Amino acid sequence: MARGPRGLIGDGFARLAAPSRVEPASSSRSAVLERAAPALGELLVGNWGAFEQSYQRIQNDWLGPFTPENVSTSVLKRMREHSQLSLGLAARKAPFFGVEYFFQGGRPEVRAFVEKTLGSASPIFPRLLSSILLAIEFGYQTHEIIWAIRDVEVDPDGHGEPPRVLPRRYVIDECADVDPDRASEIKTDLRGRFAGVLVDGVQFLPAEKCLHVVHQLEWRNWAGRGDLRRSYPEWFMSGFTQKFAGQYFEQKSNPPLIGRAPAKGVRDETNPTGKPRLAIDLLGTQASSLRSSGVAILPGARDEKGEYQYDLKVLDVGPGRADQFISLLNWLNSQMLRGLGIPEIAVSQSTQTGSYGMAEEHANQLFAALQQTLVNTVLPAFNQLAERLVRVNYGRAEPVPVADAPPLSREKQALAAQILVGCLQTWIPTADGKRVQVAQMPDFRKLLRGMNIPLLGADALAALLAASPAEPPEAPKPGLPVAA
């Protein structure tokens, strides 16, 4: 049989095409089973170069510093100072601080160690979560992992074991966030996997020393896609609109003057030549004096009807374009919030007629969208750190606990609360005539975590009640509902 093309891809396809012969487990069967063995690893190679890929945004300098194709990190930082975008970013990030993060899976000791050093109660958690959420704005956020050696006291859950001290464990002392302006290039390997970040153009931060958080990761684009970039056109146009509106309102505050004067010449005592001066020239001089000094003196001559022949009035142009500027600015503000993925009714006052139910529905849509960020951006970042903590302290064979958090959806939280109340009040009959309380059936640890309610362990509760004997459980009352 002729051999296929050599090389990395050729060998891979050859492995895919070549069937492997596997003998049956039972010797009584004479048939030989054939199956195609899958090729392990990847076949495709990146087209960025022979050894590595350097990802850097293409800078089209000829387009200027304020074009959608060339939005630099410094411009994104300026965008954060806008009042509407600042409100939107606060609304995007605040819900992530209102949930309880925890880890599940793995051995109890390992899980307790990870939660102690990385969970919501760890010293690094608040600052770490704030830094992770910066990826929402810029698309990615790089951290340098700084290690330390400390004794860690853990309390494994679910087995009644007393707290114990794990001596000299590697812990994460800090995740120092790197300014995106300092990240010169994002390095990848031949396959496009993340390999590290070149900082300041000369310092290389390898992947094993780096926590690289990516927002909206796709196609192994380790720079991600920041939400601020979607709001850039409206932010840029809003700045120009405010400048034009300022110029317009400045003119409205100092409106033009319109004057009337006779079409004949008048004697001007200030003219050294003694020649008569046109009345309109005299009126123009006095109008200019009114602009500069606030005083204008006009002749008191009257016509045959007794009306003053000289007159100055403000040119009244009505409301003009003021409403158009305000409507445009309100529309740009709402579009900036939508660029961040936020329905404007959920966080700001709408200029249109609405209802509380509409605002409530938009708020629910916002929390449902934030769930995607929680699953795709925040939790994977904690999983990166959890895996490294377990590997350096327990070895590569140790199962790694997985980060988790209750859903951000308010509808699910309200449903969980209703289930909890119903369980506490409902009894069901058994086949032998006994009655069992439904409250004993759900997993209350997960249920309470979903509502961000802290749970006291059995040992801690026993220690609090040690001074007084525990009272027997109260018998069900006749008036309580009973499930069919």
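Below, each value reflects all heavy atoms present in this structure, side chains not excepted, and no hydrogens, waters or symmetry copies. All values reported here derive from a predicted model rather than from experimental measurement.
Look at Glu153 and Arg164 and you find no salt bridge, because none of the NZ, NE, NH1 or NH2 atoms lies under 4.0 Å from a carboxylate O. With respect to Glu218 and Arg225, a salt bridge is recorded, a charged nitrogen being found less than 4.0 Å from a carboxylate O.
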Quick one: side chains of residues 120-135, donor-acceptor pairs under 3.5 Å with protein atoms, not counting sequence neighbours, listed by atom name and distance.
from	atom 1	to	atom 2	distance (Å)
Ser120	OG	Tyr101	N	3.1
Ser120	OG	Tyr101	O	3.3
Ser122	OG	Gly119	O	2.7
Arg127	NH2	Asp177	OD2	2.7
Ser130	OG	Pro126	O	3.1
Ser131	OG	His143	NE2	2.5

Quiz: residues 373-382 side-chain donor-acceptor pairs under 3.5 angstrom, not counting sequence neighbours:
from	atom 1	to	atom 2	distance (Å)
Thr373	OG1	Arg92	NH2	3.2
Asn376	ND2	Gln372	O	3.4
Thr377	OG1	His215	ND1	3.3

Name each donor-acceptor pair under 3.5 Å that joins a side chain in residues 237-244 to protein atoms two or more places apart or in another chain, with its distance.
from	atom 1	to	atom 2	distance (Å)
Ser238	OG	Gln242	NE2	3.3
Thr241	OG1	Met237	O	2.8

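In this structure, Pro163 and Val154 have side chains that are not in contact, with every pair of non-hydrogen atoms separated by 4.5 Å or more. Counting heavy atoms from C-beta on, the side chains of Val75 and Tyr232 come closer than 4.5 Å. A heavy-atom distance below 4.5 Å is found between the side chains of Pro180 and Gln141. By the 4.5 Å heavy-atom criterion applied to side chains, Leu389 and Trp147 are counted as neighbours. Residues Val400 and Val110 are not in side-chain contact: their nearest non-hydrogen atoms beyond the backbone lie 4.5 Å or more apart. Annotation: side chain of Leu328 is in contact with side chain of Leu332 (closest heavy-atom distance under 4.5 Å). Here the side chains of Pro401 and Phe113 are not in contact, with every heavy-atom distance at 4.5 Å or above. Counting only heavy atoms from C-beta outward, the side chains of Phe96 and Leu370 approach each other to under 4.5 Å.
Under the salt bridge (Lys or Arg N to Asp or Glu O under 4.0 Å) criterion, Lys77 pairs with Asp179, Asp181, not counting sequence neighbours. Take Arg168 and apply the side chain to side chain contact (heavy atoms under 4.5 Å, CB included) test, not counting sequence neighbours, and it matches Ile149, Asp151. Contacts of Gln203 classified as side chain to side chain contact (heavy atoms under 4.5 Å, CB included), with partners at least two apart in sequence or in another chain: Arg182, Val199, Asp200. Scored by the side chain to side chain contact (heavy atoms under 4.5 Å, CB included) test, Ala195 finds Lys187 as partners (sequence neighbours excluded). For Ala90, there are no side chain to side chain contact (heavy atoms under 4.5 Å, CB included) partners two or more places apart in sequence or in a different chain. By the salt bridge (Lys or Arg N to Asp or Glu O under 4.0 Å) test, Lys116 is found to be paired with no residue, residues two or more places apart in sequence or in another chain being considered. Listed by chain and residue number, nothing satisfies the salt bridge (Lys or Arg N to Asp or Glu O under 4.0 Å) test with Glu81 (two or more places apart in sequence, or in another chain).
With values rounded to the nearest 0.5 angstrom, Asn333 atom CG is found 4.0 Å from Gln84 atom CD. Considering CG of Leu118 and CD of Gln384, their distance stands at 11.0 Å, rounded to 0.5 Å. Atom CE of Met79 and atom CZ of Arg229 lie 9.0 Å apart (nearest 0.5 Å). One distance of note links OG1 of Thr73 with CZ of Arg78; it measures 13.5 Å at 0.5 Å rounding.
Across all their heavy atoms, Val390 and Pro399 have their closest contact at CG1-O, 4.1 Å. Minimum heavy-atom separation, Leu340 to Arg230: C-NH2, 4.1 Å. The minimum heavy-atom distance between Gly201 and Ser184, with the atom names listed, is N-OG, 2.8 Å. Heavy atoms only, all atoms of each residue included: Cys175 and Ile172 are closest at SG-CG2, 3.9 Å. Of all heavy-atom pairs between Gly88 and Ile342, the closest is O-CD1, 3.0 Å. Closest of all the heavy-atom pairs between Ala223 and Tyr140 is O-CD2, 3.3 Å.
Between the side chain of Lys209 and the main chain of Ile145, a donor-acceptor pair closer than 3.5 Å is present. In this structure, the side chain of Arg111 engages the main chain of Gly106 through a donor-acceptor pair within 3.5 Å. Distance alone, capped at 3.5 Å, is enough to place a donor-acceptor pair between the Arg220 side chain and the Arg191 backbone.
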**Request:** I would like to know whether Leu76 and Glu137 meet side chain to side chain contact (heavy atoms under 4.5 Å, CB included); could you show each step before the answer?
**Result:** CA-CA 8 Å; Leu76 296 178; Glu137 307 173 20; over 6 Å; no
**Asked** Does the side chain to side chain contact (heavy atoms under 4.5 Å, CB included) test come out yes or no for Val178 and Val197, once each step is laid out?
**Response** CA-CA 10 Å; Val178 180; Val197 177; over 6 Å; no
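A ring-ring contact (aromatic ring centres under 6.0 Å, His included) check over residues 178-204, counting only residues at least two apart or in different chains, returns the pairs Phe194-His212, Phe194-Trp222. For residues 385-405, every residue pair satisfying the side-chain hydrogen bond (donor to acceptor under 3.5 Å, both in side chains) rule, not counting sequence neighbours, is listed here: Gln104-Asp404, Arg107-Glu398, Glu109-Tyr394.
Applying the side chain to side chain contact (heavy atoms under 4.5 Å, CB included) test between Leu228 and each of His82, Arg80, Met336 identifies Arg80 as the sole match.
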